[in-house]
Every structure is written in C-alpha cells, then in structure tokens.
*Asks:* 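Take this structure first; my questions come after.
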Amino acid sequence: MEKREQLYSGKAKSVFATDEQDHLVILFRNDTSAFDGQKVEQLERKGMVNNKFNAFIMEKLEAAGIPTHFEGLLSDVESQVKRLEMIPVECVVRNVAAGSICRRLGIEEGRELNPPTFELFLKNDALHDPMINEYHIRSFGWAKAEDVEKMKALTFKVNDVLKQLFLDAGMILVDYKLEFGLFHGELLLGDEFSPDGCRIWDRDTREKLDKDRFRQDLGNVIESYELVGRRLGISFD
Ligand code: ADP
Ligand code: UDP
C-alpha cells in the first residue's frame, strides 16, 4: 500500500489517501490542543505515544468483538485504517464526574456515576461541539436510528472492556469520547482512543494522568501518557 495525498489535517492528526480506495493512513502529530483549539502546543513524542497507545487499545477492543477501523501500525507515528464515512457525533461515557458535566450540572468532580452516563455531542468546532440527543441525529440525518442504537451499545461495550483493563493496571477510566463511521454500510469504531480523548486517574492517589494535565497546566503531560501505557504493558521504545 502506498501513501498518497493528504485529505484532511485536524487538530492532532492528519489523514492521507492511499493507492487503495478503502484504506487511509492516519498520522499522529505532536500538536496538542484544548479548549476548541484555543490552547495549542507541540509536545515531543506525543504522536508516537498516542499512535502506539491507540494501536494497543484498538487491538484489545477487536479481540473483545468490537469492530474497529484499525488495521495496523505503519511506523512510529502512522497507522493504516479503513476509510470510513464518519458520523459527525461524539459519544461520551462517564464513570466518574469530571470536565463539562461538572460545569453544566453543578456536580462535584470525582462523584461516581452509577450507572455511567451516555452523552452525545455534535462534532462541530465552530459551534463548540454542542450537546445533542438521538432525535437531533435522526431529524438532521446525521445517522440512521439503528446506527445510533449500535453506537450506544458499542460505546457501553467499550466501557466494560476498558474499565476493567485500566482497573487491573491500577487506574480508573473516568470518561472517554468515541467516534464511529460507516464502512460500506457497516458501523465501525473510528478515530482514536488515547489519553488525549479520555480521563484516567491513578486508582489510589486519584492523580490525573490524561490530557487534563495539559488543560490544567499540571506538567509531565507525555510522561503521564507513557506511564499509563507502560502500566497497561505497552512498549514505547
Ligand atoms: P479534529 O478533526 O477533531 O481536529 P483530528 O486532528 O484527530 O481531529 O483529525 C482526525 C480526523 O480524522 C477526525 O476528523 C476524524 O473524525 C477523522 N477520522 C478518524 N478516523 C477516520 C477514518 N477511519 N476514516 C475517515 N476519517 C477518519
Ligand atoms: N473529549 C474529546 N474531544 C472533544 C470533547 C471531549 O476527546 O471534542 C473527551 C475528553 O477528553 C473527555 C471526555 O471526552 O475525556 C468528556 O469531555 P467533556 O465533555 O468533559 O469536555 P471537556 O471538559 O474535556 O472539554
């Protein structure tokens, strides 16, 4: 497979066509952004760390029966994926309250959410990713009702797999965001799963080990991502 022209460059990754219509290359860059792209920095090693972190998690999810776009690592910072027609919706599950739910609903950070919550956001930077519900998705044709049901079921299945995986390694999966897309009509998990798009706390100290270190200027951002990865058994050498 040959890498061809760049199709899209987002806030953290770039997407390239290949000589095969159904396959893309995703390049994980060092760019790190928060607050709708208002805070941007280059963090050394981030592209490599997130690429390998994502590969490890996608393989775990595939092994657990969750269909994903991931096909394999191509280099330290590139992966091969299936080309999806992305659904412009972010699916968020929360096991513990943090981030926007605390601001929106006046909930104290750290409150356990039992059962976990499921939220949908429109992927639209100009509108600041507003919260939406299933009816908006149907009325505006962003996805079919049956695919919304599948996205919800798969997002919770991911929670079952990953909550335990992190807990076994001494960490709490606080919340995470997933994106899905269609591959010849079949719904697959797309985009990435890395500490950029989830919250992970140490189980005992509750230290933040994810992108909140960047958002809140806590320092040691990539060191923490690597620590999480090493605890899961990922090698970054
Ligand atoms: P953003 O677009 O939010 O700034 P990124 O920098 O991560 O995010 O860019 C990656 C883009 O690639 C996202 O818009 C994501 O929806 C899209 N994408 C992820 N996986 C696939 C895929 N398999 N096929 C097509 N597009 C994808
Ligand atoms: N998230 C993300 N991309 C987004 C919005 C949220 O990856 O555009 C992730 C975020 O890192 C967190 C979870 O989704 O793990 C919930 O985010 P929240 O709604 O709390 O928003 P935040 O306060 O992080 O902006």
Side-chain angles (χ1 to χ4, degrees), residues 6-18 21-40 46-47 50-51 54 58 67-71 77-105 107 109 113 116-132 142 155 158-159 162 166 172-184 186-201 208-216 221 225 228:
Q6 181 175 295
L7 299 175
Y8 175 78
S9 190
K11 295 187 290 296
K13 303 193 289 302
S14 302
V15 178
F16 296 85
T18 69
Q21 174 62 25
D22 277 349
H23 303 283
L24 298 173
V25 172
I26 293 191
L27 168 71
F28 287 73
R29 307 194 314 269
N30 288 341
D31 301 272
T32 313
S33 77
F35 312 123
D36 287 331
Q38 281 177 52
K39 177 174 163 127
V40 182
K46 195 193 76 142
N50 278 1
N51 186 39
N54 175 63
M58 289 284 172
T68 82
H69 68 156
F70 183 75
E71 296 193 307
V77 292
E78 293 165 307
S79 284
Q80 181 178 318
V81 300
K82 293 192 175 82
R83 183 198 285 254
L84 303 184
E85 231 177 279
M86 294 304 290
I87 294 171
V89 166
E90 301 184 335
C91 298
V92 171
V93 160
R94 300 176 193 270
N95 296 304
V96 176
S100 72
I101 200 171
C102 297
R103 297 191 293 274
R104 261 184 290 122
L105 302 179
I107 308 294
E109 183 179 87
L113 303 173
T117 61
F118 177 81
E119 298 167 339
L120 294 160
F121 297 90
L122 179 65
K123 202 171 147 59
N124 185 320
D125 284 337
L127 297 176
H128 311 293
D129 293 351
M131 189 182 228
I132 53 173
W142 293 319
T155 302
V158 166
N159 202 35
L162 296 188
F166 282 99
I172 299 167
L173 179 59
V174 170
D175 61 29
Y176 57 91
K177 178 268 299 178
L178 301 180
E179 290 180 31
F180 293 87
L182 297 171
F183 183 69
H184 299 295
E186 187 196 355
L187 189 80
L188 303 182
L189 174 62
D191 205 46
E192 70 174 288
F193 190 103
S194 76
D196 264 5
C198 67
R199 290 192 169 90
I200 301 157
W201 294 352
K208 294 174 177 171
L209 300 171
D210 53 74
K211 194 154 123 182
D212 272 349
R213 299 202 70 82
F214 175 71
R215 294 189 188 96
Q216 299 172 11
V221 179
Y225 287 23
V228 174

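Whatever order the structure lists ligands and atoms in, that order sets their numbers, starting from 1.
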*Asks:* Taking atom NZ of K11 and atom CG of D196, what is their separation to the nearest 0.5 Å?
*Replies:* 10.5 Å
*Asks:* Can you list the residues that meet the side-chain contact (heavy atoms from CB on, under 4.5 Å) rule with F118, with sequence neighbours excluded?
*Replies:* C91, V93, L120, K152, T155, F156
*Asks:* Answer yes or no: does an N/O atom from A12 fall short of 3.5 Å to an N/O atom of ligand 1?
*Replies:*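 Checking ligand 1 against A12, an N or O pair does fall under 3.5 Å apart.
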*Asks:* Can a salt bridge be assigned to the pair E119 and R104 using a cut-off of 4.0 Å between side-chain N and carboxylate O?
*Replies:* yes
*Asks:* Heavy-atom distances under 4.0 Å decide this one: backbone, side chain, both or neither, for K13 against ligand 1?
*Replies:*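 Both backbone and side chain of K13 come within 4.0 Å of ligand 1.
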*Asks:* State the atoms of ligand 1, each with its element, that fall below the 4.0 Å cut-off from a heavy-atom position in I26.
*Replies:* 20 (N)
*Asks:* Should one rank E85, E90, R83, M86 by closest heavy-atom distance to atom 21 (C) of ligand 1, which comes out on top?
*Replies:*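 Looking at heavy atoms only, the winner is M86.
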*Asks:* Under the salt bridge (Lys or Arg N to Asp or Glu O under 4.0 Å) test, which residues partner E186, sequence neighbours left out?
*Replies:* none
*Asks:* State which residues pass salt bridge (Lys or Arg N to Asp or Glu O under 4.0 Å) with K177; sequence neighbours excluded, sorted by chain then number.
*Replies:*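 Expected list: E179, D191.
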*Asks:* How far is atom 13 (C) of ligand 1 from its nearest protein heavy atom, and which residue and atom is that?
*Replies:*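 For this ligand atom, the closest protein heavy atom is D191 OD1, 3.9 Å.
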*Asks:* Quick one: does ligand 1 sit under 4.0 Å from the side chain of V81, the backbone, both or neither, non-hydrogen atoms only?
*Replies:*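 Just the side chain.
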*Asks:* Is any N or O atom of E192, backbone or side chain, closer than 3.5 Å to an N or O atom of ligand 1?
*Replies:* no
*Asks:* Starting from atom 24 (N) of ligand 1, find the nearest protein heavy-atom neighbour and note its residue, name and distance.
*Replies:*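 In this structure, atom 24 (N) of ligand 1 has L84 N, 3.0 Å as its nearest protein heavy atom.
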*Asks:* Among all the protein's non-hydrogen atoms, which is closest to atom 9 (O) of ligand 1, and how far away is it?
*Replies:*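 That would be Y8 CE2, 3.6 Å.
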*Asks:* If we ignore angles and hydrogens, is there a donor and acceptor under 3.5 Å between the side chains of T18 and R83?
*Replies:* no
*Asks:* Between atom CD1 of I26 and atom CG of N51, what is the distance when rounded to the nearest 0.5 Å?
*Replies:* 9.0 Å
*Asks:* Write down, by chain and number, every protein residue that brings a non-hydrogen atom to less than 4.0 Å from an atom of ligand 2.
*Replies:* E90, V92, R94, A98, G99, S100, R103, D129, D175, K177, D196, G197, C198, R199, R215
*Asks:* Among all the protein's non-hydrogen atoms, which is closest to atom 16 (O) of ligand 1, and how far away is it?
*Replies:* E179 OE1, 2.8 Å
*Asks:* So, applying salt bridge (Lys or Arg N to Asp or Glu O under 4.0 Å) with E109, which one of K208, R103, R199 is it?
*Replies:*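 In the set K208, R103, R199, the residue that makes a salt bridge (Lys or Arg N to Asp or Glu O under 4.0 Å) with E109 is K208.
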*Asks:* Check whether the side chains of D129 and N124 place a donor and an acceptor atom closer than 3.5 Å, and report yes or no.
*Replies:*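 Short answer, no.
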*Asks:* Side-chain donor-acceptor pair under 3.5 Å between N54 and S194, yes or no?
*Replies:*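 N54 vs S194: no donor-acceptor pair found between side chains.
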*Asks:* For ligand 1, which is the ligand I care about here, please tell me if K11 has any N or O atom under 3.5 Å from one of the ligand's N or O atoms.
*Replies:* yes
*Asks:* C198 and L173: which non-hydrogen atoms are nearest, and at how many Å?
*Replies:* CB-CD1, 4.3 Å
*Asks:* With heavy-atom distances below 4.0 Å as the criterion, list the atoms of ligand 1 near L24.
*Replies:*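 It comes down to these atoms of ligand 1: 24 (N), 25 (C).
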*Asks:* Looking only at the side chains, is there a donor atom on one of S100 and R94 sitting less than 3.5 Å from an acceptor on the other?
*Replies:* yes
*Asks:* Using heavy atoms and a threshold below 4.0 Å, how should the contact between D125 and ligand 1 be classified: side chain, backbone, both, or neither?
*Replies:* neither
*Asks:* Taking heavy atoms and a distance under 4.0 Å, where does K123 meet ligand 1: side chain, backbone, both or neither?
*Replies:*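 Looking at K123 and ligand 1, just side chain atoms fall under 4.0 Å.
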*Asks:* What protein heavy atom is closest to atom 12 (O) of ligand 1, reported as residue, atom name and distance in Å?
*Replies:*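 Closest protein heavy atom to atom 12 (O) of ligand 1: V15 CG2, 3.5 Å.
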*Asks:* Less than 6.0 angstrom from the centroid, inside 45 degrees of the normal: does K46 satisfy that with respect to the ring of Y225?
*Replies:* no
